[in-house]
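So the structure is just underneath, and the comments pick up after that.
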Amino acid sequence: MVGTLIPQEVSSIGENHFSLIYIFPPMRFRNLQSILSWELKNHSVVPTHYTLWYTIMSKPEDMKVVKDCINITRSFCDLTHVWVNTTDMYVSRVVGFREKAELVSCMGSFFLESDRPLDPPEFEIVSFTNHISVNVKFQSVDPRILNEEELQFYLAFIEEHEGNSVKRHQPQITGNITENFNYVIDKLIPNTNYCVSVYFEPKDPRKINRSPLKCTLFQPRRESESSESATIGGIITLFLITAVFISTVMILKRIGYICLRNDFPKVLNFRKLSVWVFPELPPLEKVATVEVIHINRKKKVWNYNYDDESDVENEAAPCVNSGGYTKHGLMGRLCPASTTSASLEDCSDHSAEEPYLPEPKGDAETPMAPGPGPWQSEGTSGGYQTRGTLQQDPTSEEDSDSTERSEGRIVFNVNLNSVCVRALEDDKDSEVTLMSPSRPEETVVLEDLNETESSLLVASEERTQLPFTDPSMECLRPQDAPSDQSDTSESDVDMGDGYIVRQVNLKKFN
Amino acid sequence: MTYRCLLQMVLLLCFSTTALSMNYSLLRFQQRRSDMVCQKLLRQLPSTPQHCLEVRMDFQVPEEMKQAQQFQKEDAVLVIYEMLQQIFSILTRDFSSTGWSETVIEDLLVELQGQMVHLEPIQKEIMQRKNFTTGDMTIPHLKKYYINLGQYLKSMEYNSSAWTVVRAEMFKNFSFLKRLTGYLRD
């Protein structure tokens with residue numbers, strides 16, 4: 001958009017009339033450009049080329065030709081670098097030629113500083129729900145053309161275009177306008193396209209330089225609806241997100257992925273500091289370790305006690321109960337409570353050191369007297385291990401219960417099929433330790449055997465058997481057994497580790 | 001007693017300085033408005049400069065009017081006041097051959113007189129101080145310039161072409177006044 005300046009006087013030669021127009025380019029380029037243009041009112045005869053001359057009124061100088069505008073075919077000429085003094089009055093002359101004949105001529109006078117029309121200021125329009133706001137930027141006006149004080153003497157108009165109708169608003173500018181000026185256009189029709197133009201109009205009537213139109217579609221309902229729909233959509237989205245989150249948390253809790261219950265046993269409860277500082281020892285379990293010490297008797301039972309004295313002394317005196325079972329009294333003795341009844345080796349040292357317990361007690365260590373090889377077996381009772389020695393104690397015979405304990409003695413029936421006899425190294429002659437695996441007891445009645453040779457059946461279903469915890473282990477006979485053992489020494493097989501294979505014929509009494 | 005007078009004089013000077021500073025802003029606003037009105041009134045006076053190119057004359061415009069020169073506000077006041085007086089004097093001469101509207105001329109004269117009334121208190125105060133420097137040569141140059149204009153009109157017997165040429169010089173004068181008004185700042 002350019003501004004135009006109509007010269008005060010235009011004179012023409014010939015029938016054709018010229019219209020000389022001085023064009024001012026938009027000031028948004030921030031340079032004072034001066035472009036003079038002309039047009040023909042009568043197009044009956046059209047010049048082929050033009051030439052422009054000019055002069056000033058303050059000095060009696062001749063007309064000067066504009067070098068860039070000699071015999072030009074265009075109808076305008078850039079005088080930015082020619083008319084530099086804005087306080088002088090310039091007189092221009094345009095001559096139209098056709099070939100070499102001068103057809104038309106036009107002259108005009110221009111005073112640039114005061115005659116230049118004001119370029120429209122920059123502005124922005126914002127559409128609201130019920131009005132349109134026009135923000136005029138006065139600082140966009142070049143102060144070289146119009147300063148802030150002169151702005152007040154120009155009327156600023158805002159035109160409102162609605163279709164073909166134009167409504168002009170004249171805002172009241174009071175005081176000094178230095179920056180922006182805001183004007184509100186209300187009372188608008190919804191769903192209507194509005195275009196706004198802003199321009200300055202000097203108080204004396206002149207040609208107005210209007211700004212380009214800026215249009216907006218005034219849709220307050222749609223805007224409100226869109227805003228309402230956006231709000232509703234946001235609320236629904238938020239609700240869905242919350243619902244998904246809550247359901248996820250519930251599912252995870254239900255499947256136990258989160259918020260696990262800590263129903264741990266008390267022993268696994270490590271939260272109590274006192275537990276860490278002063279750990280409670282678990283209650284001791286009564287573990288009785290029983291060693292079955294085989295006391296070789298000469299005559300009756302095993303018939304493999306080769307030590308006469310030991311046989312006599314150490315020979316187990318089986319007690320035949322009413323059911324035909326042999327009872328053997330145990331001499332209880334404390335052992336480290338860390339083993340079960342199946343492990344005999346835990347007490348092996350003890351048995352080696354104290355193979356004999358003359359006075360078995362339930363909860364105290366009882367010395368085991370050396371000499372005869374008492375039965376030793378392990379058993380667990382209570383929270384401590386006791387080692388009882390199966391002794392040829394007549395008092396034990398009086399006990400009728402297999403696992404009766406009286407006066408510190410533990411008496412129980414020994415299933416020879418379920419024990420393993422082991423000869424202790426220290427007990428050279430007669431001591432034989434039996435391992436009692438955890439099998440239900442099968443009472444074995446030891447029959448008097450007159451046979452000199454005895455054999456222990458390792459595994460036999462027909463005869464009484466001595467089941468071993470380790471099938472490879474067999475009841476053995478002490479290696480240091482005297483010559484009496486030599487009778488069976490031929491059948492003895494040294495299994496190593498103090499165990500000797502011994503075959504004993506036993507009969508089982510029901 | 002002397003000290004009391006001294007205090008009062010100091011207070012008076014302070015207030016006068018403040019009053020003067022406030023007046024300069026008002027003067028600037030008033031002068032700016034007056035310049036624009038006068039230019040618009042001049043444009044209302046019809047003329048054909050392209051027909052008066054033969055009677056043009058160099059009136060020896062002062063260099064201060066041609067070049068961008070810095071002025072102090074006191075000097076600007078004095079120069080402005082002098083120019084307003086001279087233009088007023090020119091426009092009161094015989095313009096009957098021009099066909100101009102007497103109303104427009106009267107409006108011009110009223111505008112010029114009103115602006116001189118606004119400037120007179122300050123102009124007198126400045127004259128009493130006699131502190132201006134650049135105004136010493138500018139005002140004599142201006143006086144000679146306006147004498148040339150008067151003599152030109154008289155020699156041309158106040159014909160329309162002469163008045164057309166003088167009218168063109170009035171546009172230049174008001175442009176210079178507009179520039180001097182910018183120096184009336186606090």
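Values reported hereafter were calculated over all heavy atoms of this structure, with side chains retained and with hydrogens, waters and symmetry mates removed. We name chains A, B, ... by the order of the sequence lines, and we start the count at 1 in each one.
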Looking at CG of A:N85 and NZ of B:K172, how far apart are the two atoms once the value is rounded to the nearest 0.5 Å?
-> 5.5 Å

In short, A:K59 meets B:R56 closest at the heavy-atom pair O-NH1, 3.1 Å

Close side-chain approach of A:P60 to B:M57, heavy-atom, < 4.5 Å | no

Give, for atom OG1 of B:T164 and atom CE of A:M57, the distance between the pair rounded to the nearest 0.5 Å.
-> 7.0 Å

What's the spacing between A:F111 CZ and B:M170 CE if we round to 0.5 Å?
-> 11.0 Å

Does atom CG of A:D62 have more than 12 heavy-atom neighbours from other groups under 6.0 Å away?
-> no

Among B:L41, B:V165, B:L53, single out the residue with the greatest number of heavy-atom pairs under 4.5 Å to chain A.
-> B:L53

Top residue by heavy-atom pair count (under 4.5 Å) with chain A, among B:C52, B:S175, B:A168, B:G182?
-> B:S175

